[in-house]
Amino acid sequence: MSHPSAAPLKVGIIGGGFMAKTHTRAALAAGADVVSVVSSRPERSVQAARELGIDHAAATVEELLERVDVVHVCSPNATHAGHARAVLEAGKHVVCEKPLAITPEGASELAELAARFGVTATVPFIYRFHPMARQARHEAAGGGIGRLLTVRGNYLQDWMLQEDDTDWRVDPATAGPSRAFADIGSHLVDLLEFIAGERIVRVNARLGISHPIRGGQQVLTEDAAVCMVEMEGGAVGSLMVSQVNAGRKNALTLELAGAGGSVVFDQEHPDELWLGGRAGSTTLARDAPSLVDDAVRLSVVPAGHPMGYLDAFNAFVADTYATIAGGAPAGLPTFADGLRAAIVTAAVLESSRSNAWVDVSAASDHRAVQHVQ
Ligand code: SOE
């Protein structure tokens with residue numbers, strides 16, 4: 001809940017790429033002042049400030065920290081943990097892009113630090129903020145579909161399809177040991193557990209590298225991952241993650257099938273839900289009279305006026321700031337959720353290496369990543 005007379009939050013941005021733009025727009029939409037930006041080098045900071053319309057380019061993270069209340073970390077993956085730690089140690093609130101850290105140990109340390117300092121610390125698992133994802137949660141976790149039997153999730157993109165498609169994410173030194181799974185599989189796992197209201201307890205995964213060389217460099221991280229999963233309540237399922245599926249742009253689809261019906265959320269058609277039934281199926285539109293309160297809260301325009309990715313992102317940032325102001329909006333993804341994603345990502349890599357099921361049943365204990373028979 002923001003107080004009408006409270007001064008606008010002062011926001012700083014670390015990073016100058018695509019995500020920095022999205023975070024800056026969302027911060028402005030939530031009524032904050034974006035007062036400073038810092039990027040990899042002073043001249044890049046000046047360029048980022050110009051591109052993002054921010055008045056001040058900081059020379060260092062320390063300089064940025066002196067001017068702000070909250071920092072959005074949008075730098076390359078391997079630097080997230082160091083930046084987030086610096087923000088927390090300065091006693092400031094933080095929004096950190098995923099992966100929160102490139103190891104579960106790193107993410108665990110940050111989750112503990114955030115709890116110790118008592119600040120708001122969030123990770124943009126923004127697909128939770130589609131109104132119809134909240135409605136899906138009501139249908140699934142709320143018991144509407146009955147006992148969960150199977151789950152099926154896909155997150156497919158094609159921007160790494162060609163051999164010469166490459167960027168900083170291909171280099172494990174900058175991006176970490178997982179590429180496709182850490183980047184988009186993490187969203188799929190977060191959304192599955194959020195909608196289902198229960199955790200994955202074990203995974204068995206295979207990774208695929210489509211091109212051994214990209215941009216003249218050996219490729220060490222996965223273009224695709226396929227995982228079998230078992231859920232806490234006994235449901236079984238599969239998750240398919242790929243950055244090389246021609247024609248698929250941001251195809252995140254989740255199907256949860258229960259004893260009494262199914263629910264399907266498709267993020268490229270986020271204003272509707274498919275409700276499957278043996279005697280007949282329906283498509284539920286984002287239309288206030290039929291929606292649960294949490295979905296109504298996030299519906300910022302009336303039915304028939306399409307909502308999408310940027311609305312979900314804006315809602316995530318607005319809820320982060322509402323939490324800083326003392327509110328408690330439902331479903332905010334915190335550093336504990338960032339740690340959870342790091343645990344499942346590490347388990348996927350471990351399973352593929354060891355050819356075995358890996359246990360991920362403990363919510364936030366990175367030591368839980370271990371083999372099971
Ligand atoms: C690139 O794969 C990317 O921008 C991801 O990093 C985001 O998390 C996802 O929402 C869209 O695709």
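All ligand and atom numbering here is 1-based and tracks the order in the structure.
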Does the distance from a Lys or Arg side-chain N to an Asp or Glu carboxylate O, for R179 and E222, drop under 4.0 Å?
no
List ligand 1's nitrogen or oxygen atoms that come under 3.5 Å of a protein nitrogen or oxygen, with the partner atom and distance.
{"unit_1": "ligand 1", "atom_1": "2 (O)", "unit_2": "Q157", "atom_2": "OE1", "d": "3.1"}
{"unit_1": "ligand 1", "atom_1": "2 (O)", "unit_2": "D183", "atom_2": "OD2", "d": "2.5"}
{"unit_1": "ligand 1", "atom_1": "6 (O)", "unit_2": "K98", "atom_2": "NZ", "d": "3.4"}
{"unit_1": "ligand 1", "atom_1": "6 (O)", "unit_2": "R169", "atom_2": "NH2", "d": "3.4"}
{"unit_1": "ligand 1", "atom_1": "6 (O)", "unit_2": "D183", "atom_2": "OD1", "d": "2.5"}
{"unit_1": "ligand 1", "atom_1": "6 (O)", "unit_2": "D183", "atom_2": "OD2", "d": "3.4"}
{"unit_1": "ligand 1", "atom_1": "8 (O)", "unit_2": "K98", "atom_2": "NZ", "d": "2.8"}
{"unit_1": "ligand 1", "atom_1": "8 (O)", "unit_2": "H187", "atom_2": "NE2", "d": "2.8"}
{"unit_1": "ligand 1", "atom_1": "10 (O)", "unit_2": "Y127", "atom_2": "OH", "d": "2.5"}
{"unit_1": "ligand 1", "atom_1": "12 (O)", "unit_2": "Q157", "atom_2": "NE2", "d": "3.0"}

Using the test side chain to side chain donor-acceptor pair (under 3.5 Å), find all partners of D294 that sit at least two apart in sequence or belong to another chain.
R134, R297
Please name all residues satisfying salt bridge (charged side-chain N to carboxylate O under 4.0 Å, His left out) with D158, sequence neighbours left out, ordered by chain then number.
K249
Correct closest heavy-atom pair for C96 and P124 would be O-CD, 3.1 Å
So which of Y321, F129, Y127 actually passes ring pair (Phe, Tyr, Trp, His ring centres under 6.0 Å) with F316?
F129
Pairs in or reaching into residues 75-84: which pass salt bridge (Lys or Arg N to Asp or Glu O under 4.0 Å), with residues at least two apart or in two chains?
none
